[in-house]
Amino acid sequence: MDHDIEKRVTDQRRLNQSSLFTASAFSFLTLIAVTTLVLMSNFSMQPQRDFKIEIKRVIPQHLPLSSENEGKSKQEKTHVVMAVNKQIRVIEMFTGDNLSDKFQRKTNEFIDDTGCEINFVMTWISSADLFGKREVFAIESVFKSHPRGCLMILSATMDSPQGYTTLKPFLDRGYKVVAVTPDLPFLLKGTAGETWLEEIRSGKRDPGKISLAQNLSNIMRLAYLYKYGGVYLDTDMILLKSFKGLNNTIGAQTLDPSYTNWTRLNNAVLIFDKNHPLLLKFIEEFAQTFNGNVWGYNGPYLVSRVAKAVEGSSEYNFTVMRPSAFYPVNWIEIEKFFKVPKTEKESKWVKVKLLQMQRSSYGLHLWNKFSRKFEIEQGSAMWRLVSDHCIICQIGSSSPS
């Protein structure tokens, strides 16, 4: 009997413990449910938000990002505005009511000169003080290989008494060279570049961080060739032989590993007839995709993009020449041409390169952006090129300015 009583007491304790556990569990679950309802209620009272996956996209560079503007102080914004205004002021050198007649008259006289074997054109937007020995040597090489050629320099700074003094030694020797201030609105009239120019001048288009002068040179050469035709040359392009016979031609800067297909073109040499459709396509691409923050985007990369897009089309007729034609020495190796070889290996490389150039090169691009700091050492490859292709021959052994 005692055993039965003890069993009943034990069973009762187990029942009480089970009931207590059940009650505790129920209270805990109730607490969770109430908390959840409160949180859901609070969330439903908040303004609804859209949760999106961020997708990176290309944003036109001429449109400032709002986040960039918000992060800039008033002083920083003022500096930005001042920098943009300074960039835009460069354009004013190439506009004006009295400029158009003068430009057209000089250009027509130049183009109509029947004594010109080939019409060359360069651009110079820097100060006339910076037109140094290297640029003068580039002109010398033009007339050394084309005694009956004509050269026009599109420049407001060289179209001056100081510029005339620089060019006078050529004029005194009977060579035909002239500097004229270009009328940019006239050159771009009727093309997509006209709208681009207006947007830049009005502040609707950001000129970017890259010097606007550089990009003005890019568009100016295209517009001039489209309207008049001829041969455009960078002022650091040294001519080695006559361009006679070259027509509607652009040069490749690099080739693929198989050496059969070009991978990049360059716009340091452009040889085109007037009104050539490829030039118009270049101008359209410049205006529509202009990016003033990436070096070369509106120059070498631009002509590469367009040429690749239209390659094989019957509408466009142009020739792409191998790098050996105009860019036989790349920008990485150009220093070797300014220095006297120090080893047998370097000496052999220079000798082979000069033989290759003699056989297949029309010109040599000096890559001024990288080589300007190098002096021409006596006995170097550049020293020999200067001796063979100069007329005035005053570049000497000092660093060309």
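No experiment lies behind these values; they were computed from the predicted model shown. Quick note: numbers below take in every heavy atom, side chains included, and nothing from hydrogens, waters or symmetry partners.
Within 6.0 Å of the NZ atom in Lys209, the count of heavy atoms belonging to other residues, nucleotides or ligands does not exceed 12. Counting non-hydrogen atoms of other residues, nucleotides and ligands closer than 6.0 Å to CD of Glu333 gives a total above 12.
In this structure, Lys227 satisfies the cation-pi test against Phe186, with its NZ or CZ atom closer than 6.0 Å to the six-membered ring centre and inside 45 degrees of the ring normal.
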query: Could you walk me through whether Asn330 and Gln253 pass the side-chain hydrogen bond (donor to acceptor under 3.5 Å, both in side chains) check?
result: CA-CA 8 Å; Asn330 64 45; Gln253 179 180 324; over 6 Å; no
message: If you apply the rule side-chain hydrogen bond (donor to acceptor under 3.5 Å, both in side chains), what do you find for Asn218 with Asn267, and how did you get there?
response: CA-CA 8 Å; Asn218 285 328; Asn267 64 338; 3.2 Å; yes
query: Hey, mind stepping through Gln104 and Ser100 against side-chain hydrogen bond (donor to acceptor under 3.5 Å, both in side chains) and telling me if it holds?
result: CA-CA 6 Å; Gln104 292 180 54; Ser100 189; 2.7 Å; yes
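At a threshold of 4.5 Å between non-hydrogen side-chain atoms, the residues Val121 and Tyr228 do not count as touching. For the pair Ile219/Phe290, no side-chain contact is recorded, criterion being any heavy-atom separation below 4.5 Å from C-beta on. The side-chain heavy atoms of Thr107 and Met152, taken from C-beta on, include a pair separated by under 4.5 Å. By the 4.5 Å heavy-atom criterion applied to side chains, Tyr175 and Ile391 are counted as neighbours. In this structure, Leu171 and Val177 have side chains that are in contact, with non-hydrogen atoms separated by less than 4.5 Å. Side chains of Gln356 and Pro328 form no contact here, defined as non-hydrogen atoms less than 4.5 Å apart. Side-chain contact check for Phe370 versus Glu335: every heavy-atom pair is 4.5 Å or farther apart. Within the 4.5 Å cutoff, side-chain heavy atoms of Gln214 are placed close to those of Trp295.
At a threshold of 4.0 Å, the pair Arg372-Glu135 counts as salt-bridged, since one of the basic side-chain nitrogens sits closer than that to a carboxylate oxygen. Residues Asp234 and Arg221 are paired through a salt bridge, judged by an N-O separation under 4.0 Å between the basic side chain and the carboxylate.
In this structure, Tyr327 and His365 have perpendicular ring planes: the angle between them is above 60°, well past the 30° mark. Note on ring orientation: taking the six-membered ring where Trp is involved, the planes of His146 and Phe120 are perpendicular (angle over 60°, cut-offs 30° and 60°).
A side-chain N or O of Arg134 and one of Ser371 form a donor-acceptor pair less than 3.5 Å apart.
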